[in-house]
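Below is one structure, written out as structure tokens, with a few remarks after it.
Letters A, B, ... mirror the listed sequences (proteins, then strands); counts begin at 1. Being a predicted model, the structure only gives us computed values, none of them experimental.
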Protein chains: 2
Amino acid sequence: MYEILIENIFKKIVLNNDEQQLLKTFFIPKKLRKKQCLLQEGDVSKYLAFVEKGILRSYTVDEKGGEHIAEFAFEGWWIGDQFSFLTGEPSTYNIDALEDCELLLLTKQAEEQMLEKIPKMERFFRLLLQNHLIATQGRLVSSLSNSAEEKYKQLVNACPTIPQRVPQHMLASFLGITPETLSRLRKQISQRK
Amino acid sequence: MYEILIENIFKKIVLNNDEQQLLKTFFIPKKLRKKQCLLQEGDVSKYLAFVEKGILRSYTVDEKGGEHIAEFAFEGWWIGDQFSFLTGEPSTYNIDALEDCELLLLTKQAEEQMLEKIPKMERFFRLLLQNHLIATQGRLVSSLSNSAEEKYKQLVNACPTIPQRVPQHMLASFLGITPETLSRLRKQISQRK
DNA sequence: ATTTTTTCTTGATATAGATCAAGAGAAATA
DNA sequence: TATTTCTCTTGATCTATATCAAGAAAAAAT
């Protein structure tokens, strides 16, 4: 059950056996069925979630009801509203499951205890945040400088399986374009080949 | 000279006097004159910089020569290419000074030594990255969901002094719009009042 | 003080992508 | 298997923003 988590952590730091066993005690396993939600706008984000299985998305809803996907989280990724989790302020994000999911949840309290008992985890989370920041900055620059087509190509390039696992209109939302535009743009790409 | 740095660090963690003195030894003071650069695209990012005075920008240049500003860094902020600094890969960013600057530079080696000697700094950088990530995610969502005018208003709201300190065409680049559009949009806003 | 460079504005026109509308497949649910 | 819901496509039209061009104002350099 915790294999993927341990594996994920071992990519950045090393834990001895005692630490590994201790680590497990801080997480709460949770299953989420497709369409169920982990966080609703207006609630405080109580958990950081590690994804063992499935896909989730975090998104905001604008005044006109339009959804804007901030992130997807696949197996081996983490998801949560960092801001709300950190500050205890209500979240502006929604997080829900695109497939049946298996998660490992970490509460604020559990996180604090974990960092106290296993100080090495401080480093793990630092490196995790660093990678997350690098990816987010890259996406931001891309969103400011590339055309819709370029952004789509980059996405598929970075994550070739994503079109099979995520509905197209959600990819459009993630890229900041309309489903119609993405549909037309895909047609053009395929016709050019 | 290190007052602003110490103050910045104390917002997140506490250091005793010995630690404070030791901390200073890891940084290299550096002055940068307006228009001089700290990092050029293609070079490896050797430093993370803490800004004591002045403003810097990091930006990418596209195939057509267009500049896209990823970030500004004011007094009390940190700047650098996290990716290149972390991996040793050549950077895709340029960083230069918009005003005469005073910086405190941290090399990779100094960072490692610092984390070894003052493990609390691991937590400091984690929290720093967390805040940075929150801000970047917010900007990303805003860039995907808001109009040019909304983005400009949000920027000025978040940082009211920025129009006085940064040329307008650079604000446009930061927002991902053209200088002409920003000029017209500002005119409209002022006419409506 | 003059020249050069940078920055900002304004107009005319073009265009990428949005919006509105409708229908066709697919997939989930009953 | 029927039926409801979700997903994708295609067409017609609209609009926010880009592009091109030129000049004015401001700042920096000589």
> Any donor-acceptor pair under 3.5 Å linking the side chain of A:Glu75 with the backbone of A:Ile55?
Replying inline: no
> Do you know the tightest heavy-atom contact between A:Leu32 and A:Leu56?
Replying inline: CD2-CD2, 4.0 Å
> What is the distance from atom CD of A:Gln137 to atom CG of A:Leu140, rounded to the nearest 0.5 Å?
Replying inline: 7.5 Å
> Does NZ in A:Lys120 sit with more than 12 non-hydrogen atoms of other residues, nucleotides or ligands closer than 6.0 Å?
Replying inline: yes
>> Main chain of A:Gly76, side chain of A:Asn8: is a donor-acceptor contact present, judged purely on distance under 3.5 Å?
In response: yes
> Which value, rounded to the nearest 0.5 Å, describes the distance between B:Glu122 atom CD and B:Leu115 atom CG?
Replying inline: 4.5 Å
>> I need the CD-P distance between B:Glu67 and C:dT6, as an integer number of Å.
In response: 12 Å
> What pair of heavy atoms forms the shortest contact from B:Cys159 to B:Pro163, and how long is it?
Replying inline: O-CD, 4.0 Å
>> Going by ring-ring contact (aromatic ring centres under 6.0 Å, His included), name the pairs with one or both residues in residues 54-90 of chain A, residues two or more places apart or in two chains.
In response: A:Phe50-A:Trp78, A:Phe72-A:Phe174, A:Phe74-A:Trp77, A:Trp78-A:Phe125
>> What is the separation between atom CD on A:Gln188 and atom C1' on D:dT10, rounded to the nearest whole Å?
In response: 13 Å
> DNA chain C: B:Ser183 or A:Asn146, which has the more 5' nearest nucleotide?
Replying inline: B:Ser183
> Could you give the angle between the helix axes at the two ends of the helix from C:dA1-D:dT30 to C:dA30-D:dT1, with five pairs per end, rounded to 10 degrees?
Replying inline: 60°
> What integer distance in Å separates B:Arg33:CZ from D:dA28:P?
Replying inline: 12 Å
>> Looking at A:Asp96 and A:Gln36, would you say the former's side chain and the latter's main chain have a donor-acceptor pair under 3.5 Å?
In response: no
> Whole Å only: how far is the CZ atom of A:Arg184 from the C1' atom of C:dT15?
Replying inline: 14 Å
> Is a donor-acceptor contact shorter than 3.5 angstrom present between the side chain of A:Arg186 and the base of D:dT10?
Replying inline: no
> Contacts to DNA chain D from residues 159-182 of chain A, heavy-atom cutoff under 4.0 Å, which residues?
Replying inline: A:Pro167, A:Gln168, A:His169, A:Glu180
For nucleotides 23-30 of chain C, print each protein N/O atom paired with a nucleotide N/O atom at under 3.5 Å, atom names and distance only.
none

> Under 4.0 Å: is that the gap between some side-chain N or O of A:Lys187 and OP1 or OP2 of D:dT10?
Replying inline: yes
> Which ones in residues 147-154 of chain A lie close to DNA chain C, meaning a heavy atom under 4.0 Å from one of its atoms?
Replying inline: A:Ser147, A:Ala148
>> Using only atom types and a distance under 3.5 Å, with no angle test, would you say the side chain of B:Asp100 pairs donor to acceptor with the backbone of B:Lys34?
In response: yes
> Which pairs, with at least one residue in residues 171-187 of chain B and sequence neighbours excluded, count as a side chain to side chain donor-acceptor pair (under 3.5 Å)?
Replying inline: B:Tyr152-B:Arg186, B:Gln168-B:Arg186, B:Thr178-B:Thr181
> Going from CG on B:Leu182 to CG on B:Leu155, what distance comes out if it is rounded to the nearest 0.5 angstrom?
Replying inline: 9.0 Å
> Using a cut-off of 4.0 Å on non-hydrogen atoms, how would the nucleic acid contact of A:Lys35 be classed: base, sugar-phosphate, or nothing?
Replying inline: sugar-phosphate
> Once you round it to whole Å, what is the distance between C1' of C:dC20 and NZ of A:Lys64?
Replying inline: 15 Å
>> Quick check on side chain to side chain donor-acceptor pair (under 3.5 Å): which of B:His132, B:Arg57, B:Arg139 does B:Glu71 satisfy it with?
In response: B:His132
> Among B:Leu128, B:Leu129, B:Leu127, whose side chain to side chain contact (heavy atoms under 4.5 Å, CB included) with A:Leu129 holds?
Replying inline: B:Leu129
